[in-house]
Amino acid sequence: MIDLAQLRREPELVTAALARRGVSSETVASLIQSDKRHRELMQEAETLRARVKDLSRQVGEARKNKETERGDALAEESKQLGVQEREASARAEELGAEVRELHLQIPNIPADQAPDGLSEEENVELRQWWPGMDDGQPFPTYADHQRVAHWDIGTELGILDLESGARLAGSMFPLYRADGSRLLRALTQFALDAHADAYEEIRPPSVALTETMMSTGHLPKSQDDMYAVERDGLWLIPTAEVPLTSMNRGEILTEEQLPLRLTAATQCFRREAGAAGRDTRGLLRVHEFEKVELFAYCTPDQAEAAQMDILTRAETLLRRLGLPYRVLDLCTGDLGSASARTFDLEVYTPGVDRWLEVSSVSWFRDYQARRANVRYRTESGTALVHTVNGSGLAWARIWAALVETYRQADGTVVLPEALAPYMAGGATLRRR
RNA sequence: GGAGGGAUGGCAGAGCGGACGAAUGCACCGGUCUUGAAAACCGACGUGGGGCAACUCACCGUGGGUUCAAAUCCCACUCCCUCCGCCA
């Protein structure tokens, strides 16, 4: 949620900033309007409430002094006022709900540095990297044996079984087997080890309460993209960002605890409603995937460095895996609604000849913290923390990139050095 | 799933219809004393909302209810503890 106090203080500035990401001034104006009216009604109700409390006190006093008649009269007066107070409170509450609803719908204010734009076409590519680039070599050229889609390689080597996955859970639920399954496990291990120096490893539940989903902004907005376990009021997490952001919900941290950095490997579940059909073959887009997430609560001053650290770590993993990638600075129109600034990492996959998003590194300012009510103690009181997060990395697409990039002429896949320690059965994937 | 007990400020813990936003102890912070520290003493000491301010409202697990008045009474739920059952 954006800061209502700021909206009241500098409405033009906020309106202009939100316009950069396509929020109409009418939307903002209606929130300002409702908020104002809400405060008026609230004051009205509170004044009445104060009078009821005062009269009640007097009733007690009168009765204590055995002034029965005066007590009864005061009680009666208070009772009348109570009726008015309840009405006023109900009106205020009604408008409060309206304000909240409008408030929840307003996306975050984009960072000044975020490039302007309306859609993903206007994202800015900051840089590319590929093996050998630092030695002045050109972007790799790929042989024919590398121009094979991962779903074909997977079937050929018996390491990816999409048919079985579909039989068990429906389409877009991949089933990995043999070396393919082990590769997935190796990747998680590889990444968690790489982040262990600065990030506490967390193994959170894979489901979350509605309340928890609310605090990250996934609900109610993205309800249709989430799997629900309705009977128990639970949702399958779409990313570890959900549990990590809410871990300290409602708490006040000390400044020494910050930046509080966490990492977690979890399954991620996404319904991808409406996405079926296009761009969904193989592992391009799946309902369940494994991901290592990096996350930090920090002070506003630490936020930029914290975001850069996550971006650097994600990039480092890609470099160690020897996979070409590019970094995009998302334009205002393509930012996730809670984000102030986001960098996407896209890996190049030669078999399907595409750039696939494998990480999205975002700075949320205090937008999520306000909803989750996570604060830290400052000299003069408390302040909301900033949150940043990003994947490091999402494995389904990395899996695809690896098998396509490292496919040999003989059809086997020879994995990069970095993974060797984690592939007990050998770094060469072959049919067994 | 069954029976019982519990949930109050950073922690411990009292309060069980009327000035309770809440005793007390500990912790933390400021001060006195001291060469310095400890001890002792004095003081401050929850969070959030509204208001220029005086001030005011909300919050004692959560949500409802009773009452002139609820931390306190009633109902439902959640979580924790003990015991029983089931179980990876």
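The sequence lines fix the lettering, A, B, ..., with proteins before strands; numbering per chain opens at 1.
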What integer number of Å spans the C1' atoms of B:G2 and B:U8?
29 Å
Are A:Val352 and A:Arg281 close enough, and set up right, to give a side chain to side chain contact (heavy atoms under 4.5 Å, CB included), and what steps lead you there?
CA-CA 10 Å; A:Val352 292; A:Arg281 284 203 71 181; over 6 Å; no
Mate of B:U72 where both pairing distances stay under 3.5 Å, Watson-Crick or G-U
none
Heavy atoms under 4.0 Å, any strand shown: does A:Arg377 hit a base, just sugar-phosphate, or nothing?
sugar-phosphate
I'd like to know whether A:Gln6 forms a side chain to side chain contact (heavy atoms under 4.5 Å, CB included) with A:Ile109, so could you lay out the CA-CA distance, the side-chain angles of the two residues, the decisive distance to 0.1 Å, and finally the verdict.
CA-CA 11 Å; A:Gln6 187 195 6; A:Ile109 292 168; 3.8 Å; yes
Between B:G21 and B:A14 - C1' atom distance, rounded Å
15 Å
Are side-chain N/O atoms of A:Asn65 and A:Glu61 paired as donor and acceptor at under 3.5 Å?
no
Apply the test side chain to side chain contact (heavy atoms under 4.5 Å, CB included) to residues A:Leu429 and A:Ile153: give CA-CA distance (whole Å), side-chain angles for both, the deciding distance (0.1 Å), then the verdict.
CA-CA 10 Å; A:Leu429 311 185; A:Ile153 302 172; over 6 Å; no
With a 3.5 Å limit on both atom pairs, tell me what B:A39 is paired to, counting Watson-Crick and G-U wobble, or say none.
none
Taking a pair as Watson-Crick or G-U wobble with both distances under 3.5 Å, which nucleotide is matched to B:U78?
B:A7
P spacing across the pair B:G9 / B:A23, given as an integer number of angstrom:
13 Å
What distance, rounded to whole Å, do you find between the two C1' atoms, one in B:C16 and one in B:A7?
15 Å
Please assess A:Ile310 against A:Tyr199 for the test side chain to side chain contact (heavy atoms under 4.5 Å, CB included), listing each intermediate value before the final yes or no.
CA-CA 10 Å; A:Ile310 292 175; A:Tyr199 290 72; 3.6 Å; yes
Cation-pi, A:Trp363 ring and A:Arg365 (6.0 angstrom, 45 degrees):
yes
Protein-nucleic acid N or O pairs under 3.5 Å, nucleotides 68-74 of chain B:
from	atom 1	to	atom 2	distance (Å)
B:C68	O4'	A:Ala75	O	3.1
B:C68	O2'	A:Ser56	OG	3.0
B:C68	O2'	A:Ser78	OG	2.2
B:C68	N4	A:Arg63	NH1	3.0
B:A69	O4'	A:Ser56	OG	2.9

Could a donor-acceptor pair under 3.5 angstrom be found where the side chain of A:Glu61 meets the base of B:G18?
no
Give, ordered by number, those residues of residues 31-39 of chain A having at least one heavy-atom distance below 4.0 Å to an atom of RNA chain B; if nothing qualifies, reply none.
A:Arg39
Taking atom types as modelled and ignoring hydrogens, do the side chains of A:Thr312 and A:Glu315 form a donor-acceptor contact shorter than 3.5 angstrom?
no
Contact check, side chains of A:Phe173 and A:Leu168, non-hydrogen atoms, under 4.5 Å
no
Rounded to whole angstrom, note down the C1' distance from B:C73 over to B:C84.
32 Å
Mind checking A:Thr382 for me? I need base, sugar-phosphate or nothing, with any heavy atom below 4.0 Å counting as a touch.
sugar-phosphate
For A:Pro259, what residues pass the side chain to side chain contact (heavy atoms under 4.5 Å, CB included) criterion, not counting sequence neighbours?
A:Arg261, A:Cys298, A:Gln302
Check whether any side-chain nitrogen or oxygen of A:Arg51 sits under 4.0 Å from OP1 or OP2 of B:U56, and answer yes or no.
no
B:U72 versus B:G6 - spacing of their P atoms, nearest Å:
15 Å
Pairing nucleotide - B:G85, Watson-Crick or G-U, each distance under 3.5 Å:
none
Could you tell me how far B:C57 sits from B:C20 if I compare only their P atoms? Round to whole Å.
14 Å
Please check if any side-chain donor atom of A:Tyr376 sits under 3.5 Å from a side-chain acceptor atom of A:Asn248, or the reverse.
no
Starting at the 5' end of RNA chain B, which residue's closest nucleotide do you reach first, A:Ala50 or A:Lys64?
A:Lys64
